[in-house]
Amino acid sequence: MMSNLKREIQILEGVQYTATLTTLADKLYLSQPYISRLIKKMEDNYQIKLVNRTNPLSLTKAGESILNNMKEIQAAEDNLHTNVRRLKHKEEGVIIVAICSLIDLSVTSIIATLHRTFPETLFKVTTTANEHSLTSGEVDIVIGQKWNNPLFQILPFEPTEMSLLIPDTCPLYNPHQKIISFSEEGLSKLNSSNYIAVSNASFLQQRLTIFSRKIIFLLIN
């Protein structure tokens, strides 16, 4: 649920790029009377005009200054919550590990190894993570695709071996050979061969990308 401060910041920021309160209300999926009441409440609270109710809307100089102050307050609150979360995890001896849902299940063996290596530390696993959850302290370690963020320490995994199932219509098929090792010659034989159908190509591409660039990364304190 969005805090009052975040909502106020959202509305004042929207005023800078919107012609009317009705348009702003539509963009934020809020009612126009609600936005009007909130702006008036802020102006009554600070006892100064914040919004020029013209077409297009605009912030007054006071509105711009107060919006910047509100952003600083919000950033300080976010940092406070982040630090509290990290301190709590540290005090409880808990490490939150997020594993991408597309990573093969063998990665979970890492958790078992961590438990054996650090028996005094409690490792909790989640399958949900994004850059914000890592920078905010909601998770400590993420195993998944690379995020280009200078705050993260990135450690690549060893390349994962992949296998491809082939039908008997494939030129490489041999009923007496269960496994065919990779070779340039074998790969060339697959050219122009219709041997697989993909209903969700984007999912397959994401899977291949993760297998080829599997990494583990964590926030640098």
Side-chain angles (χ1 to χ4, degrees), residues 1-2 27 29 78 82 85-86 89-90 92-221:
M1 184 177 180
M2 185 175 293
K27 287 183 177 180
Y29 299 100
D78 291 342
T82 296
R85 244 190 318 264
R86 288 177 181 161
H89 286 175
K90 185 175 181 180
E92 295 175 345
V94 177
I95 300 294
I96 309 297
V97 181
I99 300 178
C100 174
S101 59
L102 292 179
I103 297 293
D104 63 339
L105 295 179
S106 65
V107 174
T108 57
S109 64
I110 295 175
I111 305 301
T113 302
L114 289 173
H115 276 299
R116 290 193 300 270
T117 308
F118 306 99
E120 301 301 320
T121 302
L122 175 61
F123 292 92
K124 293 184 178 180
V125 180
T126 178
T127 58
T128 304
N130 52 41
E131 289 193 50
H132 174 72
S133 60
L134 190 59
T135 56
S136 67
E138 295 177 21
V139 298
D140 302 298
I141 300 173
V142 177
I143 301 174
Q145 288 180 282
K146 181 179 179 180
W147 293 331
N148 294 318
N149 189 319
L151 294 176
F152 300 155
Q153 178 184 359
I154 300 174
L155 306 173
F157 275 15
E158 291 297 323
T160 303
E161 183 176 302
M162 294 187 64
S163 300
L164 177 68
L165 297 177
I166 57 176
D168 56 8
T169 55
C170 177
L172 289 178
Y173 179 78
N174 184 341
H176 305 295
Q177 190 174 1
K178 291 185 177 181
I179 298 176
I180 301 174
S181 299
F182 172 82
S183 68
E184 294 292 339
E185 180 184 358
L187 184 62
S188 65
K189 290 182 179 180
L190 297 180
N191 290 337
S192 303
S193 297
N194 298 320
Y195 61 92
I196 187 170
V198 180
S199 60
N200 189 340
S202 61
F203 177 88
L204 177 63
Q205 181 59 56
Q206 189 176 6
R207 181 78 178 182
L208 291 171
T209 301
I210 289 174
F211 268 114
S212 62
R213 296 191 307 168
K214 189 186 301 179
I215 59 171
I216 181 171
F217 51 101
L218 53 135
L219 182 67
I220 299 176
N221 292 319

I'd like to check [X] versus [Y] (side-chain heavy atoms, cut-off strictly below 4.5 Å). Are they in contact?
{"X": "P175", "Y": "Y173", "answer": "yes"}
{"X": "V139", "Y": "T126", "answer": "yes"}
{"X": "L122", "Y": "I95", "answer": "no"}
{"X": "K124", "Y": "V94", "answer": "yes"}

Contacts of type side-chain contact (heavy atoms from CB on, under 4.5 Å), residue L172, not counting sequence neighbours |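 Only I166, C170, I180, K189, L190 meet the side-chain contact (heavy atoms from CB on, under 4.5 Å) criterion with L172.
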
What are the two closest non-hydrogen atoms of S183 and G186, and how far apart are they?
-> OG-N, 2.9 Å

If you draw a 6.0 Å radius around CD in E185, do more than 12 non-hydrogen atoms from other residues or ligands fall strictly inside?
->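 Check fails, neighbour count at 12 or below.
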
For S133, enumerate each residue passing the side chain to side chain donor-acceptor pair (under 3.5 Å) test, keeping only those at least two apart in sequence or located in another chain.
->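 If we apply the side chain to side chain donor-acceptor pair (under 3.5 Å) test to S133, skipping adjacent residues, the hits are N130.
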
